[in-house]
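Structure, as structure tokens:
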Protein chains: 2
Amino acid sequence: MTDTGTPRMETTMTSTDSAPRRTRQRTAVTSALRESDSFRTAQEIHDLLRQHGHAVGLATVYRTLQTLVEAGEADVLRTADGQASYRSCSPEHHHHLVCRHCGRTVELAAPDVERWAQAVAAEHGFAEVGHHLELTGRCATC
Amino acid sequence: MTDTGTPRMETTMTSTDSAPRRTRQRTAVTSALRESDSFRTAQEIHDLLRQHGHAVGLATVYRTLQTLVEAGEADVLRTADGQASYRSCSPEHHHHLVCRHCGRTVELAAPDVERWAQAVAAEHGFAEVGHHLELTGRCATC
DNA sequence: CTTTGTGCAAAGGCTTTGCATGCTT
DNA sequence: AAGCATGCAAAGCCTTTGCACAAAG
């Protein structure tokens, strides 16, 4: 007898933490975020992809960005008007000095702050430390 | 004929910028905010006032807080989950170290960062400098 | 008396979620 | 073949706004 039956083995592995699947949408969102040197809202990403012809559902954009944040591959913060802004977690890291009046922005490197953040976090037993820092003021022109 | 008519004079002055009126609600919200040493969301303020018996409409709380911000008497920022947090503009100033997983929060004083912010801003010709800094990571427990 | 502030409820905007289908593994 | 990912649309949540009434100046 030709045994065509396949022995049923446990196929449902407890998938401890399977990596997210590689889909067109996930790739599109991820690269869009990577190519943006600054923070982008979910809706901006959505529009951006549309313009580039890589249309992705808004819900998917939200879900993907959320996943990235949970995986530590993106940072998130909220804008003044309540929208969530995401940024790819890249090694290069800088901060902004923004003029409250004219909006002029200066990019800053802050190695001291980076070090301080690491040290203080470690002191309190925190790992995988990220941080967000923004300075606001009135620039010389205003 | 007894003229009872009152002469109509221009009563509508262009009220350049009249100070807000002194009302029970405005007072309640303002002191509630002052008594909080840290950031409070509009809804927290609302609940707080209810508990203290100084009930105020939620919309009024929002409006009052907004007014305070515009007048520069309060700072506002957004929490990770999108709620607006308000704080009375006081000299004392601190930062947060938040666990991404359990949400545990440690308050930090950061005199070094404060100094750095002032120095860097001045270097670029900025005045009236303010800043917002938040650290995120995974705490020892998680 | 005029104008501003308040309450309530409805509307608005951003984000999340349910469900059927498509695509990755 | 099995299961996660996607889309669409509906639901959720925080916040703002319209309108009638009350209070302050």
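Reminder, nothing fancy here: chain letters follow the sequence lines and each chain counts from 1.
Side-chain nitrogen and oxygen atoms of Gln43(A) include at least one within less than 4.0 Å of the OP1 or OP2 phosphate oxygen of dT15(C). Remark: Gln66(B) is in phosphate contact with dT16(D), judged by side-chain N or O atoms under 4.0 Å from OP1 or OP2.
Separating the CG atom in Asp75(B) from the CG atom in Leu68(B) is a distance of 11.0 Å, to the nearest 0.5 Å.
With His46(B) contributing its side chain and Val56(B) its backbone, the two residues share a donor-acceptor pair below 3.5 Å.
Leu65(A) has its CG atom 15 Å from the C1' atom of dT6(D), to the nearest Å. dT16(C) atom P lies 10 Å from atom CG of Leu58(A), rounded to whole Å. Atoms CD1 (Ile45(A)) and P (dC14(C)) sit 16 Å apart, rounded to a whole Å. Per the geometry, CG belonging to Asp81(A) stands 12 Å off P belonging to dG13(C), to the nearest Å. Glu70(A) has its CD atom 12 Å from the P atom of dA5(D), to the nearest Å. Rounded to whole Å, atom P of dT15(C) lies 3 Å from atom OH of Tyr62(A).
At a threshold of 4.0 angstrom between heavy atoms, the contacts of Arg22(A) are confined to the sugar-phosphate backbone, with no base atom among them. Counting any heavy atom pair closer than 4.0 Å across all strands shown, Arg26(A) reaches sugar-phosphate atoms only and no base atom.
Looking at the side chain of Thr23(B), the nearest of the listed nucleotides dT15(C), dC8(C), dG5(C) is dG5(C). Each of dA5(D), dT17(D), dT15(D) was ranked by its minimum atom distance to the side chain of Ala42(B); first place goes to dT15(D). Of the candidates dA24(D), dG7(C), dG7(D), dG7(D) carries the atom nearest the Arg24(A) side chain, counting heavy atoms from C-beta on. Of the candidate nucleotides dG18(C), dT24(C), dT6(C), dG18(C) has the atom nearest to the side chain of Arg63(A). In the set dT6(D), dT6(C), dT24(C), the nucleotide with an atom closest to the side chain of Gln25(B) is dT6(C).
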* Would Glu35(B) and Leu48(B) count as a side-chain contact (heavy atoms from CB on, under 4.5 Å) if you check the C-alpha gap in whole Å, the side-chain angles of each, and the deciding distance to 0.1 Å? -> CA-CA 11 Å; Glu35(B) 285 164 23; Leu48(B) 214 57; over 6 Å; no
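When each of Arg21(B) and Arg78(B) is assigned the nucleotide of DNA chain D with its nearest heavy atom, Arg78(B) is the one assigned upstream, toward the 5' end.
Across every non-hydrogen atom of Ala74(B) and Leu33(B), the tightest pair is CB-CD2, 4.1 Å.
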